[in-house]
Amino acid sequence: MSANCTSHMPPDTSPPNNGYVGRFAPSPTGELHEGSLLTAVASYLDARRHQGQWLVRMEDLDPPREQAGAADSILRCLQAHELHWDGAVMYQSQRQAAYQEALEQLGQQGLTYPCNCTRQRLKSLPQAPAYDGHCRRHPPQRPPYAIRVQIPESPANPICFVDGFQGPQREDLAKTVGDFVILRKDGLFAYQLAVVVDDIAQGITHILRGSDLLDSSGRQRYLFERLGHQPPHMAHLPVIVNGKGQKLSKQTFAEPLKPERAADNLLLALQRLGLNPPQKRDNNCEELLQWGIEHWDPSRVPGGMVIPQ
Ligand code: GLU
Ligand code: ZN
């Protein structure tokens, strides 16, 4: 996405209020690591600073990518850091009916169509990764097929918003992605649809997550609107990268967090968020988080977080 927007929503400067509902939405593809803890802490502090709610949603939507036991281990790790959520954890694996309903709602607006294009065809498109709408004109007759949602091509109708950390954003979905998949050929609902359906169901007002998801925001805002809801405020935290510019994740050997080092982990997370917590010998998680809530200031979050190697 790039800047230069003519019309956009103003940034969120609203005073603290109890209407705030934030969330942390991990995928159980592995254990919590430093990068995901940072997102959890930032979204927690922002929610609590606004005297808002902080919900946890387990995004167990894609069983082949999941690791046995990871969902429970993530929840235990959050608790070990005294990051306590409100209400019950929502599990995407139990939300099929809601996703199906949203799919039908989009279908009733004439916005969906089946697509059986092969991966090879999609890769070879001149405008790839944007889809060319081939199956909209030549719908496949039999399954298996994916379902795509249609993006109006004209008049150009870019998605514009001001991101809490990344500033003004503008995306012309017809150019960047084209009609995109909301139900995969393998029968699994796409992340883009599930996140929006759940954010609506949970009444999320503020999304604070890693900037690796900035690219998804345009598609998600489009779906919010098509499903009859105003998109929440969005703020995409810079992701932690190591000295080689790689995102800290399982693939780049981000170590799972040690729950017994919870206070040290929190201290580091607060520092990475631009805060300067008191260094005490006997730091404990509750005190650190309380201190964090009192001192949380999104404008101090550094734009890039390079960890020397
Ligand atoms: N489950 C996604 C992830 O772990 C995050 C989804 C979101 O915050 O919207 O990358
Ligand atoms: Zn197709």
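Computed from a predicted structure; not experimentally measured. In listed order, ligands and their atoms are each counted from 1. Side chains included, hydrogens not; waters and symmetry mates left out as well; all remaining heavy atoms used.
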Open item on the list: Take a 6.0 Å sphere around CD of Glu294 and say whether it holds more than 12 heavy atoms from other residues, nucleotides or ligands.
Closed with: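 Yes, CD of Glu294 has more than 12 neighbouring heavy atoms, counting only those of other groups under 6.0 Å.
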Open item on the list: In terms of relative ring orientation, are Trp54 and Tyr44 parallel, tilted or perpendicular, with 30° and 60° separating the classes?
Closed with: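 Perpendicular: the ring planes of Trp54 and Tyr44 meet at over 60°.
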Open item on the list: Could you check whether Gln202 and Arg57, counting side-chain N and O atoms only, form a donor-acceptor pair closer than 3.5 Å?
Closed with: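 There is such a pair between these side chains.
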TODO: Kindly state each residue pair satisfying ring pair (Phe, Tyr, Trp, His ring centres under 6.0 Å) with at least one member in residues 277-298, sequence neighbours excluded.
DONE: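 Sorted pair list: Trp291-His295.
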TODO: Would you mind listing every ring pair (Phe, Tyr, Trp, His ring centres under 6.0 Å) that reaches into residues 73-113, with sequence neighbours excluded?
DONE: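 Ring pair (Phe, Tyr, Trp, His ring centres under 6.0 Å) check on residues 73-113 returns Tyr99-Phe189.
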Open item on the list: Tell me whether Asp60 is salt-bridged to Arg65, with the criterion being a basic N under 4.0 Å from an acidic carboxylate O.
Closed with: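 Arg65 and Asp60: not salt-bridged.
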Task: Aromatic ring proximity, centroids under 6.0 angstrom, Phe224 and His229 - done: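 When the ring centroids of His229 and Phe224 are compared, they turn out to be at least 6.0 Å apart.
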- [ ] Mark yes or no: Arg148 above the aromatic ring of Phe180, with NZ or CZ under 6.0 Å from the six-membered ring centre and no more than 45 degrees from the axis.
- [x]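 No, Arg148 and Phe180 do not form such a contact.
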Open item on the list: Short of 2.8 Å from the Zn ion (ligand 2), name each protein N/O/S atom, waters not counted.
Closed with: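 Atoms qualifying: Cys115 SG, Cys117 SG, Tyr131 OH, Cys135 SG.
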- [ ] Can you measure from CG (Leu37) to CG (Leu83) and round to the nearest 0.5 angstrom?
- [x]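 If I round to the nearest 0.5 Å, the distance is 6.5 Å.
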Give every pair formed by an N or O atom of ligand 1 and a protein N or O atom closer than 3.5 Å, one pair per line with both atom names and the distance to 0.1 Å, or write none.
residue	atom	partner	partner atom	Å
ligand 1	1 (N)	Ala25	O	2.7
ligand 1	1 (N)	Ser27	OG	2.8
ligand 1	1 (N)	Glu59	OE1	2.5
ligand 1	4 (O)	Ser27	N	3.4
ligand 1	4 (O)	Ser27	OG	3.3
ligand 1	8 (O)	Arg23	NH1	2.6
ligand 1	9 (O)	Arg23	NH1	3.3
ligand 1	9 (O)	Arg23	NH2	2.9
ligand 1	9 (O)	Tyr191	OH	3.2
ligand 1	9 (O)	Arg209	NH1	2.8

